[in-house]
Participant: 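Pasting in a structure now, in structure tokens, and then I'll have a few things to ask.
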Amino acid sequence: MNSIPLARASHVTLEIPSPEKTTARDYERAYAGKVMIIQRDDDAPLVTGDFFQLDGVGTHPTGLIVTGLFENGRRSHMMATAVRVANRAEIEWRAGRN
């Protein structure tokens with residue numbers, strides 16, 4: 001399996017605004033349509049199924065919830081703190097797999 005390791009959490013802090021400081025509307029304006037990645041806590045290698053296009057943002061008592069469009073048109077929801085914007089190298093890696 002061809003894969004690349006995920007970026008460390010220190011990379012994420014600059015790219016994802018804190019849900020406590022950002023409204024759903026602001027988050028959606030900033031990231032709508034961008035290629036995002038599920039931010040995993042383990043050292044699992046990146047796979048194409050981790051990528052999605054941000055489709056919407058809503059609120060939840062514990063923070064912001066994002067809706068993403070994954071491969072094969074699958075939609076899923078997750079906390080905004082569990083995702084991050086894909087960097088250029090990751091987007092190029094993904095393009096090479098499709």
Participant: Would you mind reporting whether Thr67 and Phe52 have side-chain heavy atoms less than 4.5 Å apart?
Facilitator: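 Phe52 vs Thr67: side chains apart.
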Participant: Over all heavy atoms of both residues, which pair between Pro45 and Asp50 is shortest? Give the atoms and the distance, please.
Facilitator: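 In terms of heavy atoms, the two residues are closest at O-OD2, 4.2 Å.
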Participant: Rounded to the nearest 0.5 Å, what separates atom CD1 in Ile37 from atom CZ in Arg84?
Facilitator: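 With rounding to 0.5 Å, CD1 (Ile37) is 4.0 Å from CZ (Arg84).
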Participant: Can you tell which of Asp26, Leu54, Val66 makes a side-chain contact (heavy atoms from CB on, under 4.5 Å) with Tyr31?
Facilitator: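 That would be Leu54.
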Participant: What's the separation between atom CZ in Arg94 and atom OG1 in Thr48, rounded to the nearest 0.5 Å?
Facilitator: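 Answer rounded to 0.5 Å: 8.0 Å.
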Participant: Could you tell me which non-hydrogen atom of Phe51 sits nearest to which non-hydrogen atom of Glu90, and how far apart they are?
Facilitator: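 Closest pair (atom of Phe51, atom of Glu90, distance): CZ-O, 3.5 Å.
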Participant: Do Met78 and Ile65 have side chains that approach each other closer than 4.5 Å (heavy atoms only, starting at C-beta)?
Facilitator: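 Met78 does not reach Ile65 side chain to side chain.
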Participant: Can we say Lys34 and Glu28 salt-bridge, meaning some charged N sits less than 4.0 Å from an Asp/Glu carboxylate O?
Facilitator: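 Judged by the 4.0 Å cut-off on N to carboxylate O distance, Lys34 and Glu28 do not form a salt bridge.
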Participant: Are the side chain of Glu92 and the backbone N or O of Ala89 linked by a donor-acceptor pair below 3.5 Å?
Facilitator: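 Checked: no pair found.
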Participant: Are Val85 and Leu69 linked, directly or through intermediate hydrophobic residues, by side-chain heavy-atom contacts shorter than 4.5 Å (ILVMFWY only)?
Facilitator: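 Hydrophobic grouping puts Leu69 apart from Val85.
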Participant: Is the number of heavy atoms from other residues, nucleotides or ligands under 6.0 Å of Arg74 CZ greater than 12?
Facilitator: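 Enclosed.
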Participant: Side chain of Gln39, backbone of Ala82: donor and acceptor closer than 3.5 Å?
Facilitator: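 It does not hold such a pair.
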Participant: Would you compute the distance between atom CG of Asp55 and atom OG of Ser76 and round it to the nearest 0.5 angstrom?
Facilitator: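 Output value for this atom pair is 11.5 Å.
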Participant: Kindly compute the distance separating OH (Tyr27) from OG1 (Thr59), expressed to the nearest 0.5 Å.
Facilitator: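 Between atom OH of Tyr27 and atom OG1 of Thr59 there are 14.0 Å.
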Participant: Out of curiosity, Thr81 OG1 to Leu64 CG, how far, rounded to the nearest 0.5 Å?
Facilitator: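 Atom-to-atom, Thr81:OG1 and Leu64:CG are 9.0 Å apart.
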Participant: Can you give me the closest heavy-atom contact between Leu46 and Trp93, atom names plus distance?
Facilitator: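 For Leu46 versus Trp93, the nearest heavy atoms are O-CH2, 3.4 Å.
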